[in-house]
Structures are given as structure tokens and as C-alpha cells.
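Have a look at the structure below, then the notes.
Positions are given from 1 along the sequence.
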Amino acid sequence: FAVVLPENNEKGAMVTAERIRTAIQNHIIRSADRELRVTVSIGCSVFPAHADKKSDLVNHADKALYMSKEQGRNRSTLWKKSMG
């Protein structure tokens with residue numbers, strides 16, 4: 001899913017991404033006699049710093065997401081030009 005944060009820069013996007021990530025990581029799901037925990041990997045891209053078209057913005061966030069997964073999961077990554 002996507003989260004749109006109007007009027008945010010790279011720092012604001014990453015602060016929000018980390019808040020979401022840690023809230024999910026720290027949440028315990030109780031089911032019957034079990035406690036479950038989940039984690040989330042997040043990719044961020046910022047308009048207009050990283051893209052001026054919606055499709056590029058989404059593609060860049062997707063590349064950052066996959067970088068989060070490749071680097072060990074349960075992390076937030078901001079898109080960089082070096083990611084392609």
C-alpha cells in the first residue's frame with residue numbers, strides 16, 4: 001500500500017516511515033494462545049526531489065522498498081539515484 005504525505009521532504013518522510021515501521025514491529029497480535037509479531041519494509045520517494053511524474057515517484061519508492069528487503073528487511077529506505 002502507499003502512504004501520501006503532503007508537504008513533506010525527505011526527512012519528514014523518513015521520520016514518518018520509521019514511526020510506522022517501529023509501531024508495527026512493537027505491536028503484538030494475540031491469537032488464541034499465541035503471540036505474533038510482524039515487521040515491515042518501507043521504501044520512500046519524495047516529490048519533486050526524486051520524481052516529477054506519479055509513475056516515477058511510485059517506481060522509485062518501489063526500488064527503495066526492495067533495497068530495504070535486500071538489506072535485511074524491517075527497515076525504511078529513501079530512494080537514491082544510485083538505485084537506478
Side-chain angles (χ1 to χ4, degrees):
F1 67 92
V3 176
V4 178
L5 304 169
E7 300 181 30
N8 262 277
N9 59 15
E10 288 111 335
K11 182 179 178 182
M14 289 300 290
V15 166
T16 302
E18 278 297 295
R19 284 182 182 159
I20 292 168
R21 189 191 64 74
T22 56
I24 290 170
Q25 169 186 286
N26 294 330
H27 183 73
I28 299 171
I29 302 166
R30 289 180 172 74
S31 175
D33 61 341
R34 299 178 72 192
E35 289 186 355
L36 308 171
R37 293 181 182 261
V38 297
T39 60
V40 63
S41 298
I42 298 174
C44 295
S45 179
V46 178
F47 172 85
H50 299 153
D52 56 1
K53 296 188 310 187
K54 288 185 264 184
S55 59
D56 289 340
L57 190 66
V58 171
N59 287 333
H60 292 165
D62 191 54
K63 287 179 182 180
L65 164 65
Y66 281 96
M67 184 62 71
S68 287
K69 291 181 178 193
E70 288 172 13
Q71 292 180 344
R73 303 179 182 263
N74 191 30
R75 63 184 65 226
S76 303
T77 302
L78 183 65
W79 182 82
K80 298 176 187 148
K81 286 184 181 183
S82 62
M83 292 178 191

[X]: which other cluster members, linking ILVMFWY side chains closer than 4.5 Å, directly or transitively?
| X | value |
| --- | --- |
| M14 | V46, L78 |
| F47 | L57 |
| M67 | W79, M83 |

**Request:** Specify the closest pair of heavy atoms between C44 and A17, including all atoms of both residues, with the distance to one decimal.
**Result:**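 Taking C44 first and A17 second, the nearest heavy atoms are SG-CB, 3.7 Å.
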**Over all atoms of both residues, closest heavy-atom pair of S41 and N74** =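 For S41 and N74, the tightest heavy-atom pair comes out as OG-N, 3.3 Å.
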**Message:** I need the N26 CG to T39 OG1 distance, nearest 0.5 Å.
**Reply:**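 So the CG of N26 and the OG1 of T39 are separated by 11.5 Å.
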**Prompt:** Say you draw a straight line from OG of S55 to CG of D52; how long is it, rounded to the nearest 0.5 Å?
**Reply:**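 The CG atom of D52 is 9.0 Å from OG of S55, to the nearest 0.5 Å.
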Would you mind listing every salt bridge (Lys or Arg N to Asp or Glu O under 4.0 Å) that reaches into [range], with sequence neighbours excluded?
| range | value |
| --- | --- |
| residues 31-40 | R30-E35 |
| residues 73-84 | none |
| residues 40-51 | none |

**Message:** Suppose the criterion is ring pair (Phe, Tyr, Trp, His ring centres under 6.0 Å): which pairs have a residue in residues 4-29, not counting sequence neighbours?
**Reply:** none
**Message:** Per the side-chain hydrogen bond (donor to acceptor under 3.5 Å, both in side chains) rule, what does the pair list look like for residues 58-70, sequence neighbours excluded?
**Reply:**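 Only S68-T77 qualify under side-chain hydrogen bond (donor to acceptor under 3.5 Å, both in side chains).
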**Request:** Enumerate the residue pairs fulfilling side-chain hydrogen bond (donor to acceptor under 3.5 Å, both in side chains) with a member in residues 4-18, sequence neighbours excluded, ordered by first and then second residue.
**Result:** E10-H50, E18-R21, E18-S76
**Asked** Hey, quick one: are I42 and V4 part of the same hydrophobic cluster, counting side-chain heavy atoms closer than 4.5 Å, chains of contacts allowed?
**Response**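 Shared cluster, no.
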